Amino acid sequence: MKSSARKWVASLLFATAILATNQAGGQAYAFQFDRSKQESAEALKTWQAGDSRKAIEVAQAALRDCPAGAPGSPCRGLLNYTLGYIFQQQAQKGATPNDRNRAFEFAQASYKAALADDPGNATLHYNLALLLSNAGDVTGATSEMQQAVRADPKQWQYSLKLGDLQVRQKNWSGAMHAYEQAGQATPVADAPGQRVLELTRHGHGLSTNELQSRCKEWQATHPVLALSCYEEVMTLLYSGDNSAAEVALAAWVDLVARQDRIDDQALEELPQGWETPALSPLRAALKGDLSGAGNNWWTQSGRSEIWARFLLAVGQQHSSDAKTRERIWQTALTLVKDDPRSASSLELRGALALLYVRYPDLDPGQNKLNELVERIFYDKMGAIRSHDLEAEQRYHTVLGLIFAGQQKWGSVSDSHSAAFQLTWAVNVANDRYLNEGIYQPLPEIKDLLIRVYERSNQPALASQARWEAILAYMDSDQLDRAAQAIQAFQVAEGLDKATLNSVLKLRREAMAPAPERTASLITELAALGPRAGIKPDFLQRQQFKALADVVAASPASAEKTPAIQAAMTAFSLAVEQHVPLIGVHDLSRWQAVQEELVNTVGGKSERIQVRPGGPVGSAALKLALPGSTVPQNVEVSPQSIQAAEVAQVLGPAKLSQYGRAMTLSHGTLAGPVPAVATPEVRQKLETKGIKVVAVPQ
Amino acid sequence: MSKTIWLSLILLWACPGSLAANKPQVAVRFRVEATAYRQHFGETRVAGVESHAAERVTQALKQHIQFADFTTAGGAPSEYTVTLSLAVDDPSTDVAGQIVWLMASLRKAGGTPGPRWKWRKFRDAAADCGGLSSDADCTWPNESDFLDTLGTLLKAVSFYPPLVSNVFQDISIADSGKFVVQPLNGWVLPFRQEDMCLGADTKLRIVNDIPTDQITLHAKFRADVEGPYGHPPDSVFSTLSEGEDSADNNKKALLQQYSDRVVVRGVYLVQYQHLDENCGSAIPPSTAGNSNGGGQ
């Protein structure tokens with residue numbers, strides 16, 4: 001039999017099976033054990049091995065054995081899903097249009113049959129939407145994708161795809177809404193922002209003002225996207241509003257320099273034919289021409305700081321030519337050396353000092369190096385006198401790196417040593433944790449301290465530094481590295497290696513917990529207590545990360561009580577106990593926690609707002625980003641706080657039962673009578689400023 | 001010619017081969033050139049490191065770029081070979097004080113290698129040396145750490161579009177297509193958007209022959225990926241943007257005048273945007289948990 005004919009027979013068998021299972025009604029089946037998961041796995045394995053026909057037969061046979069009626073619902077749902085998936089692959093890869101159309105029909109029928117048993121399954125809606133989209137039914141695909149988004153709003157890819165479908169229908173506002181929704185669900189991924197930029201580029205997205213503020217917002221958390229954003233602003237504005245375009249250029253140059261993205265083609269993304277005096281100095285510097293570097297648009301317009309940072313990055317590109325580097329950096333330093341607010345002056349001094357360490361020929365008497373170091377010390381005293389901890393930390397770090405370069409390992413009592421300066425960099429960072437609420441794990445510095453103590457033959461301190469580095473890896477989500485370091489760590493007195501290893505294991509488990517393990521995992525996390533070398537604040541940070549990971553990994557279709565419980569505890573850790581956020585992964589975790597609570601009480605998802613600096617506010621969390629000593633504020637919206645309060649009053653079990661029937665909007669909670677109508681609940685919520693409306697069921 | 005006949009002709013042209021998207025084959029090589037790394041691994045081990053590194057790069061390219069089929073070099077001959085080199089600007093001095101780069105270059109079978117392009121910074125100058133300048137004072141990674149670092153670097157999604165624009169811009173992803181003037185000036189290209197994973201912000205360079213009454217002209221035009229085309233949408237429509245240069249721009253009118261005679265010779269990527277994380281692939285059922293839903 002030819003393969004296409006065989007497929008036909010298999011397909012007919014399948015069609016019969018679908019009818020049989022749908023019409024089975026109340027017929028009794030002798031099938032005792034639900035083997036649908038094993039059979040589905042077997043069918044997928046067979047399909048992956050290249051035998052689609054047999055794969056379909058396996059799934060169909062198992063489908064026929066599913067119990068009838070409600071008890072067989074999960075079995076039928078899974079096996080029809082499996083069949084739909086296999087047919088969908090055939091629909092994409094079939095050799096002829098007939099083969100593809102036939103497979104498409106069967107895939108569609110299978111998915112619809114699966115949805116009859118499992119209507120809230122987001123992935124089924126998603127797959128069906130893709131299937132319809134590939135067949136050209138954009139309207140049907142859009143409707144299915146909307147259902148996928150509703151069923152599982154945490155999956156930002158669904159919203160992204162929904163936006164793409166809206167674009168195909170030229171529904172620009174619908175597309176924009178979907179892309180923004182995708183962005184809310186993932187504060188980390190760049191793709192939603194890229195789509196927003198594309199729409200804007202085609203004239204259907206953000207207004208110029210909105211675009212400009214979005215660029216600023218993305219600077220801290222999406223630096224690559226921010227670059228594209230500023231490029232778009234310049235393209236839109238350079239011919240009509242040159243000064244606004246120049247402001248965007250300055251921000252762009254600053255970002256490009258900070259990201260070390262300077263190369264010969266760096267300026268190619270800027271509008272061709274833009275006649276601004278800001279561009280020629282950039283072009284000249286990239287070609288190594290510094291003749292106008294001391295007096296140009298950048299120095300005249302008070303943007304010397306950005307210009308100096310740009311030159312610092314240009315110098316980094318000349319890694320094989322030390323003299324050129326020195327010339328570029330000295331030129332840059334001349335521009336900012338007397339500006340007390342300049343951060344780049346310290347970086348330039350540090351870079352030059354290390355250059356002189358590496359290339360002694362440039363500084364035979366070490367006069368230049370000593371002068372730089374003295375000046376850094378002098379400025380550091382100024383920072384200490386003015387209680388500027390952020391600046392002080394940077395000075396200690398740069399001096400530490402210079403002394404490490406000079407192999408002046410020293411001790412913690414010798415200020416002209418790497419040990420002293422790096423230890424103080426960490427100490428000041430810890431002071432900032434106490435004073436400003438920003439926690440920086442600083443794994444690179446702690447790593448370097450290990451080397452410093454090893455080279456200076458101080459084994460006890462080296463061991464302590466190794467321990468601190470492990471904690472820093474865990475704080476900065478480098479779990480593989482932490483695992484390796486724990487394994488290599490020699491047991492030391494006062495440091496509980498076994499407990500740290502268990503915490504690490506819990507962290508890993510929380511990233512993809514088995515559903516039956518979720519509740520006990522939450523209990524184990526809550527039970528963690530301080531041990532030797534493991535302080536309470538470290539444990540709280542690990543608890544927040546692990547609990548938020550549990551929330552993020554919880555499928556939309558799963559029983560919600562554990563995820564709500566985890567979200568409530570993680571929320572409390574962040575907001576009430578001020579556990580700081582570290583890196584974009586924690587930002588993503590925070591979003592998952594906030595969304596879980598807001599969605600659970602029927603609120604509307606919101607975009608996370610991240611802003612640099614500022615005083616500690618009651619409704620802002622502190623976020624530290626790697627490579628930056630400047631804190632970021634993450635705003636906690638009033639709606640999130642109210643959602644957490646509702647969750648606290650009603651409890652996870654009640655929310656899990658009634659949450660879908662609730663709405664929270666503008667401080668008013670509407671919910672079913674059994675959930676919210678008791679005087680106690682009403683009173684507690686109203687005390688917190690939440691108005692309650694009981695809706696009869 | 002009526003619009004219906006036009007569409008029918010295009011669909012007849014597009015359908016038979018539309019799904020047989022023969023992607024260009026690209027072999028992947030990895031070369032450890034930076035002397036400090038070569039010496040650290042040792043000449044006997046370095047070939048093994050290069051081979052494992054090539055496998056890592058191949059996996060990453062497969063994940064992030066779908067318009068070509070990537071395989072590690074050494075198998076069947078490929079039309080193209082991409083070489084990733086771990087290298088420094090000045091091979092004659094110590095590696096310690098220099099930035100170590102992952103450089104990329106492309107060679108077409110039978111041709112000479114294209115220019116090397118600095119794709120990613122692999123290591124900062126003097127990193128893991130405590131600021132020292134001599135190779136002997138640095139800590140160099142063992143093979144496992146080296147491959148882990150490489151794997152981590154290759155995860156960044158944002159680094160692949162520049163690789164395409166700077167290195168893979170000479171790979172032709174299709175050698176046929178149909179220029180049309182309705183509904184817009186543009187090309188119907190014989191592959192599905194999902195198969196090549198081309199996002200809407202992808203820009204193409206399409207090389208055409210335009211047989212006029214007197215002479216066949218060659219012209220290159222830029223085109224923007226518009227979206228799926230046809231029912232079912234087995235092709236991609238890309239709209240005409242501009243000529244590659246002013247001479248090509250002047251041929252726009254001829255392109256439209258002789259639209260039914262235009263022969264597409266090659267389709268190249270000027271700017272690549274990945275469609276989305278899984279390129280519109282369906283999610284398989286998960287059989288591990290309680291839920292039927294395929295978790296992502």
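Chain identifiers are assigned alphabetically (A, B, ...) following the order of the sequence lines, protein sequences preceding nucleic acid strands; residue numbering begins at 1 within each chain. These figures come from a predicted structure and were not determined experimentally. Scope of the values below: all heavy atoms of this structure, side chains included, with no hydrogens, waters or symmetry mates.
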Novice: Is A:Leu124 in contact with chain B via its backbone, its side chain, both, or neither, using a 4.5 Å heavy-atom distance?
Specialist: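 Contact with chain B: none, neither part.
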
Novice: Let's go through A:Gln157 and A:Tyr126 carefully: what are the C-alpha distance in whole Å and the side-chain angles of both, what is the deciding distance for side chain to side chain donor-acceptor pair (under 3.5 Å) to 0.1 Å, and is it a yes or a no?
Specialist: CA-CA 10 Å; A:Gln157 293 93 337; A:Tyr126 175 76; over 6 Å; no

Novice: Measure distances from A:Trp156 to the heavy atoms of chain B and classify the residue's part below 4.5 Å as side chain, backbone, both or neither.
Specialist: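 Only the side chain of A:Trp156 comes within 4.5 Å of chain B.
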
Novice: Relative to chain A, which segment of B:Gln273 carries a heavy atom at a distance below 4.5 Å: side chain, backbone, both, or neither?
Specialist: side chain

Novice: Determine the minimum heavy-atom distance between B:Gln193 and B:Ala200, stating which atoms define it.
Specialist: NE2-N, 4.3 Å

Novice: Examine whether an atom of B:Ser92 lies under 4.5 Å from a heavy atom of chain A, and if so say whether it belongs to the side chain, the backbone or both; otherwise answer neither.
Specialist: neither

Novice: Per the salt bridge (charged side-chain N to carboxylate O under 4.0 Å, His left out) rule, what does the pair list look like for residues 223-232 of chain B, sequence neighbours excluded?
Specialist: B:Lys203-B:Asp224

Novice: Excluding sequence neighbours, so at least two apart, what forms ring-ring contact (aromatic ring centres under 6.0 Å, His included) with B:Tyr268?
Specialist: none

Novice: Counting heavy-atom pairs under 4.5 Å with chain B, which one of A:Arg195, A:Gln89, A:Gln194, A:Gln484 comes out on top?
Specialist: A:Arg195

Novice: Using atom types as modelled and distance alone, determine if a side-chain donor or acceptor of A:Asn80 lies under 3.5 Å from a backbone N or O of A:Arg76.
Specialist: yes

